[in-house]
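Presented below is the structure to which this report refers.
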Amino acid sequence: MAKAKTTAFFCKECGYESAKWMGQCPACREWNTMVEEPVGKKGASVLPGRQAPLIKSRPARLSEISIEEKDRVTTGYGELDRVLGGGVVAGSLVLVGGDPGIGKSTLLLQVCGNLAASGQKVLYISGEESLKQIKLRANRIGSMAGDLKFQCETSLDHIRDTIIEEKPDVVIIDSIQTMYREEISSAPGSVSQVRESTSLLMQIAKGEGVTIFIVGHVTKEGVVAGPRVLEHMVDTVLYFEGDRHASYRILRGVKNRFGSTNEIGVFEMQQQGLTEVENPSEFMLDGRPQGASGAVVACAMEGTRPILLEVQALVTQSNLGIPRRTAAGTDYNRVNLLMAVLEKRCHYEMSRYDAYVNIAGGMRMNEPALDLSIIMALVSSLKDRAVDEKTIVFGEVGLSGEVRAVSMAEQRVNEAVKLGFEACMLPQICLDKMKRTEKIRLIGVRTVREAISQLQ
Ligand code: TYD
Ligand code: MG
């Protein structure tokens with residue numbers, strides 16, 4: 001009889017399992033992500049979802065299921081509540097992913113403070129920091145009141161016992177990559193441990209009605225499984241992102257069983273922890289150069305929320321056979337396409353110039369509504385003529401050089417009015433559908449040529 005296999009290969013990006021090593025994962029197409037892990041007898045005995053359930057479930061009619069308003073709890077942060085779809089749903093499993101050091105523990109500690117202050121029973125379990133370290137962080141953040149307890153623990157079997165004993169309303173697991181189950185023979189952080197641990201947490205959340213926040217580090221190297229391995233198991237997936245060098249952080253909803261995705265929350269990291277940024281447009285436009293060529297204010301939508309940002313372009317004579325092009329914060333291919341439109345439809349010799357496009361502030365935006373802003377920034381830099389700094393520009397550009405309609409034009413215009421802009425260049429089609437307003441001068445354009453002719 002052939003010897004039973006004791007190890008298997010797992011993709012640490014998506015959790016794909018294979019009997020042999022492969023250079024590229026066939027599921028997520030990432031290279032060099034397969035790692036070997038033991039799947040010994042111990043492990044094989046616990047198949048995913050086969051553990052004895054904590055509480056026997058019973059069938060119920062829709063009419064017997066209550067969905068009272070109190071099932072949603074506000075976290076005390078409007079920005080986080082919005083991303084969660086209006087507060088956290090009791091008994092849900094929320095994954096907060098992000099790069100190490102981005103501020104996940106800080107955010108969740110602050111949320112714990114708020115939830116405890118509003119009368120919830122909170123348990124914060126850390127597998128990474130000592131109680132002293134947590135206390136130091138809490139001191140930095142400020143006062144913590146209410147029923148808030150901390151524990152340093154990495155064994156999930158112990159954690160389960162604690163939860164059943166203490167009956168908290170909210171539990172934080174920081175982080176899933178440090179947790180382990182005794183039945184599984186592989187090391188903490190391995191794909192099978194991370195998966196099994198999450199499946200146990202799911203059972204606890206649903207069985208006991210406890211809200212559980214799981215922290216997951218995004219790892220680029222090493223053998224630690226990333227949060228994508230458990231994305232499919234949890235109710236809500238949030239990613240905390242941001243430029244390490246910039247102070248603002250964006251919380252992005254990627255999956256939400258209880259609300260819409262695409263929503264973002266903006267925070268700023270300060271000495272005393274994270275603070276909410278209620279008006280990100282103001283924040284993004286801070287320190288904008290006045291009267292400089294190649295800078296255009298654009299309006300992008302993040303979910304239902306308009307955000308004004310500055311698109312910058314620098315176009316210079318090229319000394320190389322193949323001109324250099326870069327795009328920071330937006331899609332490189334889209335920038336190339338827009339330059340081709342300028343070359344063909346407006347007869348600018350873009351191939352003679354190097355071009356650098358940048359979204360100021362380190363934010364990433366790929367919305368087609370930025371097309372017209374990018375074009376205007378490029379032409380403004382090429383001609384060395386500034387676009388009026390009190391004007392915002394948005395619109396999608398088609399391959400024949402036409403300016404196409406974008407969604408939610410009215411919200412974008414309102415945001416510009418709110419921030420004191422005096423003019424707005426937008427697709428004519430959007431303008432035709434909009435109510436007349438005295439608050440701002442609206443310039444409708446049908447083609448890229450028409451838009452450029454507005455540049456004095
Ligand atoms: P942390 O929450 O530990 O990150 P994560 O849990 O995602 O790994 O955040 C650590 C960073 O935040 C660290 O670089 C210091 C910074 N920080 C502040 O700037 N101000 C603060 O009040 C706190 C608590 C942290
Ligand atoms: Mg941490």
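When a ligand or atom number is given, it counts from 1 through the structure's own listing order. Just so it is clear, the model here is predicted, and its values are computed rather than measured.
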Contact bool for atom 11 (C) of ligand 1 (protein heavy atom, d < 4.0 Å): yes
Verify whether one side chain among K104 and H217 offers a donor that lies under 3.5 Å from an acceptor in the other. yes
Between ligand 1 and Q270, can you find any atom pair, the residue atom being a heavy atom, that is separated by under 4.0 Å? yes
Atoms of ligand 1 close to Q271 [distance to a heavy atom under 4.0 angstrom, numbered from 1]: 20 (N), 21 (C), 22 (O)
Can you confirm whether the side chains of H158 and Q151 place a donor and an acceptor under 3.5 Å from each other? no
Check ligand 1 against Q272 and write out every atom of the ligand that is under 4.0 Å from a heavy-atom position of the residue. 22 (O)
Ring of F394, cation from R412 - is the NZ or CZ under 6.0 Å from the centre and inside 45° of the axis? yes
Near P100 (heavy-atom distance under 4.0 Å), the atoms of ligand 1 are 8 (O)
Given L95, which of L230, T198, I212 fulfils the side-chain contact (heavy atoms from CB on, under 4.5 Å) condition? L230
Side chains of Y77 and Q110, donor plus acceptor under 3.5 Å: yes
Ligand 1 versus S105, non-hydrogen atoms closer than 4.0 Å: side chain, backbone, both, neither? both
Enumerate the atoms of ligand 1 whose separation from the nearest heavy atom of G273 is less than 4.0 angstrom. 20 (N), 21 (C), 22 (O)
Quick one: do the T33 and E13 side chains pair a donor with an acceptor below 3.5 Å? no
Looking only at protein heavy atoms, what sits closest to atom 2 (O) of ligand 1 is T106 OG1, 2.6 Å
2.8 Å cut-off met by an N, O or S atom of S175 to the Mg ion (ligand 2): no
If you measure every N/O of G103 against every N/O of ligand 1, is any gap under 3.5 Å? yes
Residue pair E422 / T391, side-chain donor-acceptor N/O under 3.5 Å: no
Is it the side chain (CB and beyond), the backbone, both or neither of K104 that lies under 4.0 Å from ligand 1, heavy atoms counted? both
Please list the nearest protein heavy atom to atom 17 (N) of ligand 1 with its residue and the distance rounded to 0.1 Å. M269 SD, 3.6 Å
Heavy atom of the protein closest to atom 13 (C) of ligand 1 (residue, atom name, distance): G101 O, 4.5 Å
Has the side chain of Q133 got a donor or acceptor atom that lies under 3.5 Å from a matching backbone atom of S130? yes
At a 4.0 Å cut-off, with the gap strictly under it, does some heavy atom of G98 reach an atom of ligand 1? no
Does a donor on one side chain and an acceptor on the other come within less than 3.5 Å for E128 and S175? yes
